[in-house]
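Contents: one structure, followed by commentary.
For this chain, numbers begin at 1 and follow the sequence in order.
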Amino acid sequence: MRPARFLALSLAIAAPVGALTATAAIAAQPITVGAKVPGGFTATDTGGKPRNFASISGKNGVVLVFFRSASWCPYCQKQLKDIRDLQPELAKRGYTLAAISYDSVDALNKFNTKVPVNYTLLSDTGSKQIDAFGLRDPRYPKDSPAYGVPLATILVIGKNGVIKQKLSTDDYKVRADNAAILASVDKG
């Protein structure tokens, strides 16, 4: 093989590998206050409809709750029940409420049948958005049923897509209460 052709082939192979490495490095970094919502945000609501950031945001923004699972995590189930009470106060402030997990649409609908919620539940099958936000819990190997769950995180996001506040914990048993969430909205 000629040196010029070898160099061109090497560059053609190296470029995608380098891009994958850069993407993986970015995804591994948890999103921070002041950052923008990752481009191409899409998740599926309980009606099976794809939703983007603009479609879940209120006049002033959205409170986006990343939770582990509505089907098997009792701490998440309690949180999802508790935050129902936030919706009227968030609406007064111009915010909507949405919650996202790696659960399937079917799993979210089963939960919503048992415990009706007054906010948007989003399915992120494959954890694409969880990874884009850098929130995948690293404790679980690929063969674990919990592989792909996010760290319990609540983001207050402005209408412009900028993260205004972040409430996050490594301890999945500990969740911010409604008063802390409203204080974060008011502070943001």
Side-chain angles (χ1 to χ4, degrees), residues 15-70 76 79-80 83 86-87 89-103 105 108 117 119-139 147-170 172 174-178 180-188:
V17 171
L20 286 174
T21 304
T23 302
I26 291 168
Q29 297 299 315
I31 198 150
T32 58
V33 172
K36 284 202 73 133
V37 168
F41 176 91
T42 58
T44 307
D45 68 19
T46 53
K49 180 181 173 189
R51 303 290 295 269
N52 61 21
F53 176 74
S55 74
I56 64 167
S57 187
K59 181 178 84 171
N60 293 326
V62 63
V63 173
L64 185 59
V65 178
F66 285 83
F67 67 98
R68 295 159 51 89
S69 177
C76 298
Q79 178 186 37
L80 294 171
I83 63 175
L86 282 173
Q87 189 60 17
E89 287 302 315
L90 291 175
K92 288 178 192 174
R93 292 163 170 83
Y95 283 83
T96 56
L97 178 63
I100 185 169
S101 80
Y102 82 149
D103 286 329
V105 169
L108 294 175
V117 299
Y119 54 88
T120 303
L121 291 174
L122 296 169
S123 171
D124 182 23
T125 306
S127 303
K128 291 176 186 79
Q129 297 311 310
I130 293 165
D131 288 341
F133 281 83
L135 295 174
R136 183 186 292 245
D137 191 329
R139 290 178 277 207
Y147 180 71
V149 300
L151 295 167
T153 303
I154 299 168
L155 300 175
V156 178
I157 307 171
K159 181 72 174 173
N160 60 357
V162 174
I163 310 301
K164 296 169 84 175
Q165 296 292 321
K166 178 181 176 181
L167 301 166
S168 191
T169 178
D170 289 336
Y172 65 86
V174 178
R175 308 295 171 95
D177 64 17
N178 289 353
I181 296 168
L182 284 177
S184 290
V185 170
D186 292 340
K187 185 178 175 185

Checklist entry - Does S55 use its side chain to pair, donor to acceptor, with the backbone of N52 at less than 3.5 Å? => result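 Side chain of S55 to backbone of N52, a donor-acceptor pair under 3.5 Å: yes, one is there.
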
Checklist entry - Do the side chain of Y119 and the main chain of L80 share a donor and acceptor less than 3.5 angstrom apart? => result yes

Go through the structure and list residues passing side chain to side chain donor-acceptor pair (under 3.5 Å) with [X], not counting sequence neighbours.
X: N178; value: none
X: K164; value: Y95
X: D103; value: S69, S101
X: S168; value: T153

Checklist entry - In this structure, which one of L108, L121, V105, L122 forms a side-chain contact (heavy atoms from CB on, under 4.5 Å) with T44? => result V105

If you take all heavy atoms of [X] and [Y], which pair is closest and at what distance?
X: S127; Y: G148; answer: OG-O, 2.7 Å
X: K128; Y: T125; answer: NZ-O, 3.9 Å
X: V62; Y: I56; answer: CG2-O, 3.5 Å
X: A43; Y: S123; answer: CB-O, 3.5 Å

Item to check | Listed partners of F66 passing ring-ring contact (aromatic ring centres under 6.0 Å, His included), at least two apart | outcome: F133

Checklist entry - Can you name the residues that form a ring-ring contact (aromatic ring centres under 6.0 Å, His included) with F41, not counting sequence neighbours? => result none

Item to check | Partner set under salt bridge (Lys or Arg N to Asp or Glu O under 4.0 Å) for R51, not counting sequence neighbours | outcome: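 Listed in chain order: D45.
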
Next on the checklist: Applying salt bridge (Lys or Arg N to Asp or Glu O under 4.0 Å), can you list everything that pairs with K92, at least two apart in sequence or on another chain?
Outcome noted: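 Salt bridge (Lys or Arg N to Asp or Glu O under 4.0 Å) check on K92 returns E89.
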
Checklist entry - Of all residues at least two apart in sequence or in a different chain, which pass the side chain to side chain contact (heavy atoms under 4.5 Å, CB included) check with D137? => result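 Per chain and number, D137 pairs via side chain to side chain contact (heavy atoms under 4.5 Å, CB included) with R68, R139, Y140, V149, L151.
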
Item to check | Residues which pass side chain to side chain contact (heavy atoms under 4.5 Å, CB included) with A152, listed by chain and number, not counting sequence neighbours | outcome: T169, R175

Next on the checklist: Would you say NZ of K159 has more than 12 non-hydrogen atoms from neighbouring residues, nucleotides or ligands within 6.0 angstrom?
Outcome noted: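 It does: K159 NZ has more than 12 such atoms within range.
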
Would you mind writing out the side-chain donor-acceptor pairs for residues 30-37 within the sub-3.5 Å range, not counting sequence neighbours?
| residue | atom | partner | partner atom | Å |
| --- | --- | --- | --- | --- |
| K36 | NZ | N160 | O | 2.8 |

So, taking the atom named [atom1] in [X] and the one named [atom2] in [Y], what distance separates them when rounded to the nearest 0.5 Å?
X: R136; Y: I130; atom1: CZ; atom2: CD1; result: 7.0 Å
X: K166; Y: L135; atom1: NZ; atom2: CG; result: 5.5 Å
X: F67; Y: I154; atom1: CZ; atom2: CD1; result: 12.0 Å
X: K49; Y: T46; atom1: NZ; atom2: OG1; result: 11.0 Å

For a quick test of your reading: what N or O donor-acceptor pairs under 3.5 Å do the side chains of residues 181-188 make, sequence neighbours left out?
| residue | atom | partner | partner atom | Å |
| --- | --- | --- | --- | --- |
| S184 | OG | A180 | O | 3.2 |
| D186 | OD1 | R93 | NE | 2.6 |
| D186 | OD2 | R93 | NH2 | 3.2 |

Next on the checklist: Set out, in order, the CA-CA distance, both residues' side-chain angles and the distance that settles side chain to side chain contact (heavy atoms under 4.5 Å, CB included) for L86 and V63, then state yes or no.
Outcome noted: CA-CA 10 Å; L86 282 173; V63 173; 5.7 Å; no

Checklist entry - Hey, mind stepping through F53 and I157 against side chain to side chain contact (heavy atoms under 4.5 Å, CB included) and telling me if it holds? => result CA-CA 10 Å; F53 176 74; I157 307 171; 3.5 Å; yes

